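Working notes, structure below.
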Amino acid sequence: MTISRYIKFILSFLLAVILLTGSLYNLTGKPAVWFDEGIFLHTSRVLADEGIFGVQIAPKEFIDASVITVGYPLLAPIALVTKLFGESIFNSRMVMVLFILGFALLFFLLTRKLYGTSFAYISTFLLASFAPLYGVGKSVIGELPGLFFMTLGLLFLHVLETSKQSYPSKKKYLYALLAGIGFGLAASTKQVFLVLAGALFVGIILRIHFWKLRLYELLIGAFGFVSALIVWIHTQFGGALSISRILEFYANPYVLSTDTIVTLIKTNALRFFTESTPIHFALLLLVGAIYLFIKLRS
């Protein structure tokens, strides 16, 4: 074993230890189970016991899963584990541990392809030191699985973009399909990831000449994305496709008031200037925008 390989082995081992330690530490106690996680676990159990994507509100009485904000890419694995090993917080959160490890691995692979091995190790160590990765990621909620599927889609998209002529056409079509499915699964897991569709659309417009040469790959990727969303609509809304119902629910899922969507948008926009977390996000967004402006200028 060469010195460089020995160093990589040591670094990989340390990363695995950090990620496993952070993920497994007090797995069932920190964080404590709260309402969101509880109803997601309930929905998974209904799926495991009754084979129904929905929420039980009375004996033998169910409503569809539109009242919750996570989808089948998270609920189905939890339900499978519940079916095989029984219902428990430990069993359900072990699925989340696998999502954490899988996300870290995909993050490393994507970063290595984009920036090289050294940056990949540095970035992944920074990721592994980020406490909310474990503090929130261990809970059965949709954000981290959504990141897992999004990173999977980005990885296949990057392979597709950089493939040029190195892969035969059938393999490129497969990568395009897998990228689309990855993005579709992310949006189906937690619907905040639906913004991926807009981001990808803007990216395609900015690189229209590139995508003109890859129209078939683009269409196949869109097919994968839409296919994953169709499964989500069928499982989440009982197969009833109602765009107005979907938009109404995700605009104001908790029915906090009878205000119009425009009023809610205005209220939330003001929070960027009155609350610490939105201010922090706005500053990060500003830094990112400045970076992109400088990048485009150069």
Side-chain angles (χ1 to χ4, degrees), residues 15-16 18-25 27 30-31 34 36-37 40-41 44 68-78 81 92-115 119-161 175 178-200 202-203 221 224-225 228-229 231-232 236 250 277-278 280-281 284-285 288:
L15 266 176
I18 293 172
L19 287 165
L20 280 171
T21 302
S23 300
L24 296 175
Y25 174 73
L27 182 60
K30 289 188 178 180
W34 71 97
D36 286 1
E37 185 178 14
F40 300 157
L41 290 172
S44 297
I68 62 174
T69 54
V70 298
Y72 70 92
L74 173 62
L75 298 177
I78 302 295
V81 169
S92 300
R93 287 192 173 184
M94 278 302 299
V95 177
M96 303 308 295
V97 171
L98 294 178
F99 272 121
I100 291 173
L101 298 178
F103 169 56
L105 177 61
L106 291 175
F107 179 84
F108 174 84
L109 294 175
L110 178 62
T111 310
R112 185 177 66 176
K113 284 186 172 295
L114 287 170
Y115 307 113
F119 278 101
Y121 276 110
I122 293 171
S123 300
T124 311
F125 268 108
L126 288 172
L127 175 67
S129 68
F130 186 55
L133 178 67
Y134 318 106
V136 178
K138 288 187 294 187
S139 298
V140 181
I141 55 177
E143 281 78 0
L144 195 125
L147 285 173
F148 169 83
F149 290 117
M150 183 189 75
T151 310
L152 181 67
L154 288 172
L155 183 60
F156 282 119
L157 179 62
H158 178 71
V159 173
L160 174 65
E161 280 192 302
Y175 287 135
L178 292 174
I181 291 175
F183 293 135
L185 288 174
S188 301
T189 303
K190 186 75 176 178
Q191 284 64 64
V192 68
F193 288 95
L194 281 169
V195 297
L196 277 169
L200 290 170
V202 171
F225 182 81
L229 287 183
V231 176
W232 168 66
Q236 200 87 1
Y250 287 105
T277 300
H280 179 245
F281 173 78
L284 290 177
L285 186 65

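This is a predicted model, so every value here is computed, not measured.
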Not counting sequence neighbours, which residues clear side-chain hydrogen bond (donor to acceptor under 3.5 Å, both in side chains) with Tyr72? List them please.
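Not a single residue meets the side-chain hydrogen bond (donor to acceptor under 3.5 Å, both in side chains) criterion with Tyr72.
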
Between [X] and [Y], which heavy-atom pair has the shortest distance, and what is it?
| X | Y | result |
| --- | --- | --- |
| Met94 | Leu27 | SD-CD2, 3.7 Å |
| Trp34 | Ser139 | CZ3-OG, 3.2 Å |
| Pro73 | Thr189 | CB-OG1, 3.0 Å |
| Leu147 | Thr151 | O-OG1, 2.7 Å |
| Thr69 | Gln191 | O-OE1, 3.3 Å |
| Ala120 | Thr111 | CA-CG2, 3.7 Å |

Check whether [X] reaches the backbone of [Y] with its side chain - one donor and one acceptor, N or O, closer than 3.5 Å.
| X | Y | value |
| --- | --- | --- |
| Ser188 | Ala228 | yes |
| Lys138 | Lys30 | yes |
| Gln236 | Ile68 | yes |
| Glu37 | Val140 | yes |
| Ser23 | Leu20 | no |

How long is the gap from [atom1] on [X] to [atom2] on [Y], to the nearest 0.5 Å?
| X | Y | atom1 | atom2 | answer |
| --- | --- | --- | --- | --- |
| Leu109 | Leu154 | CG | CG | 12.5 Å |
| Leu160 | Leu178 | CG | CG | 10.5 Å |
| Leu152 | Leu105 | CG | CG | 10.5 Å |
| Arg112 | Leu155 | CZ | CG | 9.5 Å |
| Ile181 | Phe149 | CD1 | CZ | 11.0 Å |
| Met150 | Leu185 | CE | CG | 13.5 Å |

Quick one: does [X]'s side chain get under 4.5 Å of [Y]'s, heavy atoms only?
| X | Y | result |
| --- | --- | --- |
| Phe40 | Ile78 | no |
| Leu229 | Leu194 | yes |
| Val70 | Leu75 | yes |

Would Phe99 and Phe148 count as a close aromatic pair, with their ring centres under 6.0 Å?
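That pair passes the under 6.0 Å test.
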
is_close_aromatic(Tyr121, Phe108), centroid dist under 6.0 Å
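Distance test on ring centres: under 6.0 Å, yes.
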
From CA spacing to verdict: side-chain contact (heavy atoms from CB on, under 4.5 Å), Phe119, Leu114
CA-CA 9 Å; Phe119 278 101; Leu114 287 170; over 6 Å; no

Heavy-atom count check: over 12 atoms from other residues, nucleotides or ligands less than 6.0 Å from Tyr115 OH?
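It does not: Tyr115 OH has 12 such atoms or fewer within range.
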
What do the steps show when you test Val136 against Leu144 for side-chain contact (heavy atoms from CB on, under 4.5 Å), and what is the final call?
CA-CA 8 Å; Val136 178; Leu144 195 125; over 6 Å; no

